[in-house]
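Note sheet for the following structure.
This one's a predicted model, so the numbers in the text were calculated from it and none came from an experiment. Numbers here simply count residues along the sequence, with the first being 1.
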Amino acid sequence: ATQFYQHVQKSQQQSNIVESVKDAIQGIDNDFSREALGGDEDALRIASSGAVSASALVHDGELIVSNTGDCRIVLGTKAGDGHGYTATALTADHTAENGAEVTRLRNAHPNERVIAHGRLLGSLQPLRAFGDFVYKWPYDVVQRVFGGTPPNYLSPPYLTCEPEVHCHKLT
């Protein structure tokens, strides 16, 4: 959380908070990548796994939410009649069940089988995530660092940590 906030503060010089949040999340992933390629064995071990994220930030009367991967932010609001609450999903999971995500990947990798058995290259469930650099780094780097590539690894990167960001006006 601290690293996210620090990255948002650095990129807040931009006038667009949505782009600041995207830059912050991608900046954290880039930091992980640099550390892993720097020869630190612990960082490399961590880089071979991945994580999904969801974040919320209140800024100028808006709730700014972002998600990367198969996690979701749900907003609870008081029902109009004053009894109970209504749950509204503010984000969508980034999995093979999300048609827009599959289309995004297929457009980026035409003529490739990017989704197999409901997973990225047949093995990874989330289609966006931090880490999991075996799906992001160039072929030669993945070969050198991990000793092999996933099946059908033709035109990386296949995985991104770019979040979807949505704004919700607070009332």
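- Between the CG atom in D132 and the CG atom in L120 there is a gap of 9.0 Å [rounded to 0.5 Å].
- Using a 4.5 Å cut-off between side-chain heavy atoms of Ile, Leu, Val, Met, Phe, Trp and Tyr, with links allowed through other members, Y153 and V145 fall into the same hydrophobic cluster.
- Side chain of D93 to backbone of T95: no donor-acceptor contact under 3.5 angstrom is found.
- Atoms CG and CD, on L127 and E97 in that order, are 10.0 Å from each other to the nearest 0.5 Å.
- No donor-acceptor pair under 3.5 Å is formed between the side chain of Y135 and the backbone N or O of G131.
- V114 has its side chain within reach of R106: a pair of non-hydrogen atoms, C-beta onward, lies under 4.5 Å apart.
- Considering CZ of F133 and OG of S49, their distance stands at 9.5 Å, rounded to 0.5 Å.
- Linking ILVMFWY side-chain heavy atoms closer than 4.5 Å, directly or via other members, places I115 and L159 in a single hydrophobic cluster.
- Here the side chain of E62 pairs no donor or acceptor atom with the backbone of K169 at under 3.5 angstrom.
- Using a 4.5 Å heavy-atom cutoff, the side chains of K136 and C161 are in contact.
- Scanning both residues, H166 and L90, for their nearest heavy atoms gives CD2-O, 3.3 Å.
- In this structure, the side chains of R45 and D42 come closer than 4.5 Å at one or more pairs of heavy atoms.
- Of the possible donor and acceptor atoms, none in the side chain of N67 sits under 3.5 Å from a partner among the backbone N and O of S55.
- Grouping the Ile, Leu, Val, Met, Phe, Trp and Tyr side chains by contacts below 4.5 angstrom, directly or via other members, places Y158 with V141.
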Exercise for the section: Please report the C-alpha distance between T68 and E162 in whole Å, then the side-chain angles of each, then the deciding distance to 0.1 Å, and finally whether the side chain to side chain donor-acceptor pair (under 3.5 Å) criterion is met. Expected result: CA-CA 7 Å; T68 299; E162 180 179 346; over 6 Å; no
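- Contact record, A47 with A36: CB-CB, 3.4 Å, taken as the closest heavy-atom pair.
- Residues H83 and A79 share a closest heavy-atom pair of O-CB, 3.3 Å.
- By the neighbour-count criterion of 12 heavy atoms within 6.0 Å, atom CG of D140 is densely surrounded, having more than that number from other residues, nucleotides or ligands.
- With rounding to the nearest 0.5 Å, the separation of OG1 in T91 from CD in E164 is 8.0 Å.
- Hydrophobic clustering (ILVMFWY, side-chain heavy atoms < 4.5 Å, transitive): L124 and W137 are in one cluster.
- Nearest heavy-atom pair, P163 versus S66, reported as atom, atom and distance to 0.1 Å: CB-CB, 3.9 Å.
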Exercise for the section: For S48 and F146, run side chain to side chain contact (heavy atoms under 4.5 Å, CB included): C-alpha distance rounded to whole Å, both residues' side-chain angles, the deciding distance at 0.1 Å, then the answer. Expected result: CA-CA 8 Å; S48 65; F146 296 109; 3.5 Å; yes
Practice task
I would like to know whether T160 and R104 meet side chain to side chain contact (heavy atoms under 4.5 Å, CB included); could you show each step before the answer?
Solution key: CA-CA 11 Å; T160 181; R104 177 186 65 78; 3.8 Å; yes
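- Side-chain atoms of H109 come within 3.5 Å of backbone N or O of P157 as a donor-acceptor pair.
- Taking the charged nitrogens against the carboxylate oxygens, D70 and R128 have no contact shorter than 4.0 Å, which rules out a salt bridge.
- T149 OG1 to Y139 OH: the interatomic distance, rounded to the nearest 0.5 Å, is 4.5 Å.
- Within the 4.5 Å cutoff, no side-chain heavy atoms of I73 are placed close to those of L63.
- Atom CG of L75 and atom OH of Y85 lie 11.5 Å apart (nearest 0.5 Å).
- Not one N or O on the side chain of N98 forms a donor-acceptor pair closer than 3.5 Å with the backbone of H94.
- Nearest heavy atom pair, residue G148 against residue Q143, reads CA-OE1, 3.0 Å.
- V142 and L121 fall within a single hydrophobic cluster, where Ile, Leu, Val, Met, Phe, Trp and Tyr are joined by side-chain heavy atoms under 4.5 Å apart, directly or via other members.
- Scanning both residues, V74 and A87, for their nearest heavy atoms gives CG1-CB, 3.7 Å.
- Side-chain contact between F32 and I46: absent, with no pair of heavy atoms (C-beta onward) separated by less than 4.5 Å.
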